[in-house]
Amino acid sequence: MPELPEVETIKKTLKRFVINKTIADVSVLWPNIIKRPDDTEQFKHIVSGQTIHDIKRKGKFLLFQLDESVLISHLRMEGKYSVHPYQEPMKKHTHVVFSFTDGEELRYNDVRKFGTLHVFNKGDEFNHKPLNQLGPDPFDEEFTLDYFYKKLKKTERVIKAVLLDQSIVAGLGNIYVDETLFRANIHPLKKASRLTKREVKVIQEQAIITLRDAVGQGGTTIRSYVNGQGEMGMFQQELFVYGQENQPCKNCGKPIVKMKIGGRGTHVCISCQKIK
DNA sequence: CGATGCCCCTGGTGGC
DNA sequence: TGCCACCAGGGGCATC
């Protein structure tokens, strides 16, 4: 559920609490979260003793910059981070605990256990999965109109599926794809290769505007998402179509329709968004 | 290349 | 009220 704006919000919040903290020990309560290295003991050994100097983000990934390593975290559906004194009781579904030398702990909580953690040597992280599979972040300079148009031209898939593909552009998920396509007046089932350069430009612009606005609002709070402080995002008030099934379109008044595209719930105003 | 389905998981929902 | 089958959903992976 956390997409780019939620991950960006989590990053900003977390930075206030963990920058310059040194990891004394790591406790892994659900080893399947750890994807690299294979061996959980190895993971703990590598990370222990290192200091968190910065947190970066690419797409929906968090990149914790340590002394010698980079810790890469994907929250998938329900992953959350929070910081607590070590005495504080552990919440249900806490799976990884980074204990700092000052008595505080960074805790990773994930009801569905879908989240992942990878550790790489500094500088090596972009040579391996998962980061080497990623397209540009929408806020990156490489996300140019030429790049985007070329990518869309050479695929036979529908635009909704392409926007969800993290190797094309990294960070959009179900919510922001639906919102972007509504704002761009494009039907999600339209073939990507059939879009004009003008339409591609509008999609690109609306994606960036939507994401930027959502970051400004601290993300969207749907169900359980809260940032590292437990604060809620407010962007859900500005959603046009996501979760608005049967509600009147804020533009034309016709009811928003929910359909299934590529196995994903998809929200669309069939009056405003034309396939043509 | 692309569509489909399975898998990873648990809480919420709907049927009975 | 209780039980249970079923579903959601990001992304990796195998299959066709």
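Keep in mind that the numbers below use all heavy atoms, side chains included, and drop hydrogens, waters and symmetry copies. Residue numbers start from 1 in every chain, and the chains themselves are labelled A, B, ... in the order their sequence lines are given, proteins ahead of strands. If you're wondering where the values come from, they're calculated on a predicted model, not measured in any experiment.
- Side-chain contact of A:Y147 with A:Q204: a donor-acceptor pair under 3.5 Å is absent, judged by distance alone.
- We find that the ring of A:F114 and the base of C:dG10 stack, their centres lying under 5.5 angstrom apart and their planes tilted less than 30°.
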Practice problem: Could you encode protein contacts along nucleotides 11-16 of chain C as a string, one character per nucleotide from 5' to 3', using B for base contact, S for sugar-phosphate-only contact and - for no contact, with a heavy-atom cut-off of under 4.0 Å? | Solution: B-S---

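- Donor-acceptor pairing under 3.5 Å is recorded for the side chains of A:H267 and A:D178.
- Distances shown here put a side-chain N or O of A:W30 below 4.0 Å from the OP1 or OP2 atom of B:dC9.
- Annotation for A:I46 and A:P37: closest pair CD1-CG, 4.0 Å, computed over non-hydrogen atoms.
- Within 4.0 Å (heavy atoms only), A:K92 reaches sugar-phosphate atoms of the nucleic acid but no base atom.
- The CD1 atom of A:I52 sits 10.0 Å away from the CG atom of A:D67 when rounded to the nearest 0.5 Å.
- Using a 3.5 Å distance cut-off with no hydrogens or angles, the side chains of A:T220 and A:Y176 do pair a donor with an acceptor.
- Neither OP1 nor OP2 of C:dG9 sits under 4.0 Å from any side-chain N or O of A:N174.
- Between the side chain of A:R157 and the base of B:dA3 there is no donor-acceptor pair of N/O atoms closer than 3.5 Å.
- Within 4.0 Å (heavy atoms only), A:D110 reaches no atom of the nucleic acid at all.
- At the phosphate of B:dG2, OP1 or OP2 sits under 4.0 Å from a side-chain N or O atom of A:T155.
- Environment of NE2 in A:H128: crowded, with over 12 heavy atoms of neighbouring residues, nucleotides or ligands closer than 6.0 Å.
- The bend of the helix from B:dG2-C:dC16 to B:dC16-C:dG2, defined by the angle between the axes of its first five and last five pairs, stands at 60° to the nearest 10°.
- There is no side-chain donor-acceptor pair under 3.5 Å between A:Y108 and A:S73.
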